[in-house]
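Okay, handing you the structure first.
Given the structure is predicted, the values throughout are model-derived calculations rather than measurements.
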Amino acid sequence: MELIETIGALAFVYVLLSVLASSLKEVIEARLQQRKAGLKSAMEDLLTVQGAAALVGHASIDVINQASAVTDPSTHTNWPSYLDPNTFAKAVYALELSDQIPPNSRLAQALNGLKIPGTESERVQAIVGLYSERMDRLQGTFKRQAQRWLLGIGLVLAAALNADTVELARDLSQNPARRAMMMAMAQNQASFESLRTSCQRSATKLGEEASTAAHLGDTRALMDCLTPELSRSGLGWTQDRWHALVGSGFSMALIGALLLKLLGYGLTALAVSLGAPFWFDLLGKVSNLRATLKPATNPAAS
């Protein structure tokens, strides 16, 4: 039971940090506009720079793009962050008919290699298939980038909040009262559902384009919401903790303590990189397992 409760309490800390890290990551992505840059790069690879500029200036694309790219298609901030496969395919087919897509483009060569007939319906469907495959690869790239961002943000949060997995695990294993308090916090249905909703909203926004101001507002609100939970979880630097770490002055013991601290931060960052949904699921399983085993740990009434 002690091990299960320790894992559950750690999972709850990782839930809090992961939700916050996801929101911070969205703010960074909104500022850098990585999805727009990724789509622009993919289209230039498929259609050449000339063909990509013609595509983003096509009426069917420009009409749904919030910032028209006709004046400067070379700037990724003027591009959409997503193109519907059918809209893309029909626009490309129309541009092919008007010779605005170079015949040496990778997309044209792929279609010729597949010996796709020139009929509109068959060619459009073939373009949809090739585009979807390329977007699947691009989505995989975005996911890998997101995990790297979460890892970096997790490391910063771990250091800023002193979220040391090694220290937390040791403290929780030796402190039944703290374990019980954190498990009670995790099983608070209102708080749990609120955090779950925040996590799902963050996951949904990964596929959308939202303003930086909106992201910043959501992040501040989320931090205000999570601050009491993080504080009650025992995270954060205190004067006593700092003196306990460096109070003895420079020595081999201090070097060992710092290396152990770095290890704890690294484990926390790795945990955060797994994402809040993973820890929500694990926390739910731990809570169910704890509820199942708890009656067995109580002695039968005589």
Side-chain angles (χ1 to χ4, degrees), residues 25-151 202-212 215 275:
K25 176 179 66 65
E26 289 167 17
V27 172
I28 294 171
E29 287 181 339
R31 284 194 176 278
L32 298 180
Q33 296 184 321
Q34 291 179 316
R35 290 183 173 273
K36 289 185 176 184
L39 181 63
K40 174 179 177 292
S41 177
M43 293 303 97
E44 288 180 345
D45 182 53
L46 280 176
L47 306 173
T48 73
V49 174
Q50 174 190 339
L55 171 72
V56 79
H58 190 271
S60 64
I61 306 297
D62 185 56
V63 73
I64 60 174
N65 195 6
Q66 292 181 352
S68 175
V70 175
T71 55
D72 188 8
S74 64
T75 304
H76 74 270
T77 54
N78 290 330
W79 277 65
S81 57
Y82 173 76
L83 289 176
D84 177 77
N86 287 311
T87 302
F88 168 83
K90 291 176 180 178
V92 167
Y93 181 74
L95 291 170
E96 281 185 329
L97 294 179
S98 58
D99 296 325
Q100 295 185 64
I101 300 294
N104 64 338
S105 69
R106 294 187 66 180
L107 180 65
Q109 290 176 356
L111 292 171
N112 293 335
L114 293 172
K115 301 186 184 304
I116 303 299
T119 59
E120 180 177 355
S121 61
E122 291 178 317
R123 199 161 181 86
V124 165
Q125 285 304 309
I127 295 173
V128 166
L130 291 170
Y131 172 81
S132 297
E133 288 181 13
R134 185 56 184 265
M135 290 302 101
D136 287 342
R137 289 177 54 194
L138 186 61
Q139 187 64 25
T141 300
F142 286 148
K143 287 181 179 179
R144 289 189 293 274
Q145 289 176 344
Q147 196 158 30
R148 288 195 291 269
W149 274 114
L150 285 176
L151 184 65
S202 297
T204 301
K205 280 185 178 178
L206 289 177
E208 300 175 357
E209 188 65 29
S211 69
T212 302
H215 279 302

> Of the non-hydrogen atoms in A126 and L111, which two are nearest, and what is the gap between them?
Replying inline: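 So the two residues come closest at CB-CD2, 3.7 Å.
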> How long is the span from the CD atom in Q125 to the OH atom in Y93, to the nearest 0.5 Å?
Replying inline: 13.0 Å
>> As a test of understanding, state which of S105, P103, S98 forms a side chain to side chain contact (heavy atoms under 4.5 Å, CB included) with I101.
In response: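 It is S105, the one option of S105, P103, S98 that forms the side chain to side chain contact (heavy atoms under 4.5 Å, CB included) with I101.
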> Where is the tightest heavy-atom contact between L39 and S81, given as atom of each residue plus distance?
Replying inline: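 Answer, listing the atom of L39 first, then S81: CD2-C, 4.0 Å.
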>> Regarding K40 and E44, does a basic nitrogen lie under 4.0 Å from an acidic carboxylate oxygen?
In response: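 Counted as a salt bridge, because a side-chain N and a carboxylate O are separated by less than 4.0 Å.
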> To the nearest 0.5 Å, what is the distance between CG (L55) and CG (L95)?
Replying inline: 6.5 Å
> Which value, rounded to the nearest 0.5 Å, describes the distance between L130 atom CG and L46 atom CG?
Replying inline: 8.0 Å
> Going from CD on E120 to CG on L97, what distance comes out if it is rounded to the nearest 0.5 angstrom?
Replying inline: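 The CD atom of E120 sits 7.5 Å away from the CG atom of L97.
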> Do the non-hydrogen side-chain atoms of W79 and Q33 ever get within less than 4.5 Å of each other?
Replying inline: no
> Are R134 and L107 close enough, and set up right, to give a side chain to side chain contact (heavy atoms under 4.5 Å, CB included), and what steps lead you there?
Replying inline: CA-CA 10 Å; R134 185 56 184 265; L107 180 65; over 6 Å; no
>> Applying side chain to side chain contact (heavy atoms under 4.5 Å, CB included) to R148 and Q145, what does each step give before you reach the verdict?
In response: CA-CA 5 Å; R148 288 195 291 269; Q145 289 176 344; 3.4 Å; yes
> Taking all non-hydrogen atoms of both residues, which atom of L83 and which atom of Y131 are closest, and how far apart?
Replying inline: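 The answer is O-OH, 2.7 Å.
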>> Keeping D45 on the side-chain end and S41 on the backbone end, is there a donor-acceptor pair under 3.5 Å?
In response: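 Absent.
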>> Looking only at side-chain N and O atoms, does Q50 offer a donor or acceptor that is under 3.5 Å from a partner on T48?
In response: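 Checked: T48/Q50 side chains show no N/O donor-acceptor pair below 3.5 Å.
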> What's the shortest heavy-atom distance between H58 and A91, and which atoms?
Replying inline: ND1-CB, 3.9 Å
> What pair of heavy atoms forms the shortest contact from A52 to L47, and how long is it?
Replying inline: N-CB, 3.8 Å
> Given side chains that start at C-beta, do those of F88 and M135 come closer than 4.5 Å, heavy atoms only?
Replying inline: no
> Atom CG of L138 and atom OG of S132: how far apart are they, to the nearest 0.5 Å?
Replying inline: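 Here the rounded value is 12.0 Å.
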> Closest heavy-atom contact between K25 and A146?
Replying inline: CD-O, 3.5 Å
